[in-house]
A.B. asks: 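Quick one: structure below, then a few questions.
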Amino acid sequence: MITLPRLRNNSEEVIARLAIRGLDASSMVNEVLTLDEKVRTLKTELEALKAESNANAASIGRLMKEGNVEEANKAKEASAQSKGIIKNLESELTTLESQLKEALVVLPNTPDFSVPTGKNSDDNKIEGVYGTMPEIPENSLPHWDLAKKYDLIDFDLGVKITGAGFPVYKGKGAIIQRALIQFFLNEAGKMGYTEIQPPLMVNSDSAFGTGQLPDKEGQMYYVGEDDLYLIPTAEVPVTNIFRGVLYKSDQFPIKYCGYTPCFRREAGSYGAHVRGLNRLHQFDKVEIVQLVHPDKSYETLTEMSEYVQSLLKKLGLHYRVLLLCGGDMGFTSAKTYDMEVWSPAQKMWLECSSVSNFETYQTHRLECRFKDENGKSQFPHSLNGSALALPRILASILETYQTPEGIVVPEVLRPYTGFDIIK
RNA sequence: GGUGAGGUGGGUGAGUGGCUGAAACCACCAGUUUGCUAAACUGACGAACGGGAAACUGUUCCGGGGGUUCGAAUCCCCCCCUCACCGCCA
């Protein structure tokens, strides 16, 4: 959530930044400011009344103690009168405050000024293309055919057991999944990330804290009986570790990583572009999360983006880095880099990581603060990134490393797989 | 699912209607002393929101919501959560 003091003091800047998303927020911002003004006026009025009534109640106590019952009873009558007025003002205030919150919560995060203006993915900026375009033979197969040929993934079986988008990994297919997870976790560990195994279901407070609610309600699987959501990413449970905590500035940076399955309803996506491993309802991902001092967050964003790229390099995959334009960024992000891996058989780029700086947007919702050097409490900045999402990486590996003899396992994975070729 | 106990400040924990935003202890912070460290002593020490140029000041908060009362951490009702034991169980 955007903080109120910021909206009061820098509303022009907030509007200018939101314009980067292609959003004209001026009327939304004005609504917030109008409501805020009303809330404050009413609050002042109400508090004065309450102060008076509190003082009165205290004096009744004194009079009773002194045995001055007559005076006390007079004061009681006066008190009873103001009670009704206070009650009315209070309910008015509650209404205004919830209106204010509703108006505030629908404002997305403000993009950093370095984010390109734009409406959709066409306006993203290509920051760089790395590795070499793999040359694969004419008769090369897309990953879903390779998965079938070598019996690595059974999509039909997943349909039988659960439904479309829930593949079954088998044999070496399962092992290479496990190898990737372990490789990613070990690499993150080397970089100082503490490994977390979080719950795979979260309550609505957590879903709100990271911004999945109310924005992406329909994208999460919901267990109504217990009022819990299946996590769409480890970001949700891991970032919620910070919820309601007051840190000290010398504790930063806090670095967590975690592997989890992720569950996404992906309502409304059908067709060829969701074929094979391209888009699933359940998939595996290793996530990295950091909580840092506000002065450091953009430095950290670069560091995290470079770390994610180092994984792609070690796997020997061809990839590119995009700086997302305002319109293509997530609701809660201030700046996002996407990494896309090349799928040589499909001849298309597949998003496999998204690294974002949320600035104070999440920490404000999470009520996560820290005491700065002057003892003032401030919101730290939170960041996260996929490092990495498995399915599209696997798709790219299968297609990139296919040979007439079989699929060659990238060298860095061999210690984890125990085999170097899939035949 | 059953029974019982309990949810108070960073932590432990006292507090059954006004003198309690809250004892005491611990931790943290500042200072004094000591050659350093440790120890001892002294002091400060919850948060959010509002008013004020500031000094300062007001309101709210003792799991959440509602009620009783002039006045609630304290009494009543509902809900949530935690713990223990039992039941079931990977």
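All values below come from the heavy atoms of this structure, side chains included, with hydrogens, waters and symmetry mates left out.
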A.B. asks: Going by side chain to side chain donor-acceptor pair (under 3.5 Å), name the pairs with one or both residues in residues 162-188 of chain A, residues two or more places apart or in two chains.
C.D. replies: A/Asp151-A/Lys170, A/Gln177-A/Asp284, A/Asn186-A/Tyr416, A/Glu187-A/Lys190, A/Glu187-A/Lys314

A.B. asks: Suppose we screen for ring-ring contact (aromatic ring centres under 6.0 Å, His included). Which residues come up paired with A/Tyr361, at least two apart in sequence or across chains?
C.D. replies: none

A.B. asks: What are the residues of residues 236-244 of chain A, sorted by number, that bring a heavy atom to within less than 4.0 Å of RNA chain B?
C.D. replies: none

A.B. asks: If the condition is side-chain hydrogen bond (donor to acceptor under 3.5 Å, both in side chains), which residues does A/Glu13 pass it with, not counting sequence neighbours?
C.D. replies: A/Arg17

A.B. asks: Please set out all donor-acceptor pairs under 3.5 angstrom arising from side-chain atoms of residues 41-51 of chain A, sequence neighbours excluded.
C.D. replies:
residue: A/Thr41; atom: OG1; partner: A/Glu37; partner atom: O; Å: 2.8
residue: A/Thr44; atom: OG1; partner: A/Arg40; partner atom: O; Å: 2.8
residue: A/Lys50; atom: NZ; partner: A/Glu90; partner atom: OE2; Å: 2.7

A.B. asks: Do any side-chain atoms of residues 192-200 of chain A form donor-acceptor pairs under 3.5 angstrom with protein atoms, and if so which ones, sequence neighbours left out?
C.D. replies:
residue: A/Tyr193; atom: OH; partner: A/Gln290; partner atom: NE2; Å: 3.0

A.B. asks: So, using ring-ring contact (aromatic ring centres under 6.0 Å, His included) as the criterion, who are the partners of A/Tyr259 when residues are at least two apart?
C.D. replies: none

A.B. asks: So which of residues 30-46 of chain A are in contact with RNA chain B, with a heavy-atom cut-off of under 4.0 Å?
C.D. replies: A/Arg40, A/Lys43, A/Thr44

A.B. asks: Give me each pair satisfying side chain to side chain donor-acceptor pair (under 3.5 Å) with a member in residues 92-102 of chain A, each pair once, sequence neighbours excluded.
C.D. replies: none

A.B. asks: Applying ring-ring contact (aromatic ring centres under 6.0 Å, His included), name anything that partners A/Tyr221, two or more places apart in sequence or on another chain.
C.D. replies: none

A.B. asks: Below 4.0 angstrom, which residues in residues 48-61 of chain A have at least one non-hydrogen atom near RNA chain B?
C.D. replies: A/Lys50, A/Ala51, A/Asn54, A/Ala57, A/Ile60, A/Gly61

A.B. asks: Could you tell me which residues satisfy ring-ring contact (aromatic ring centres under 6.0 Å, His included) with A/Tyr229, sequence neighbours excluded, listed by chain and number?
C.D. replies: A/Tyr222

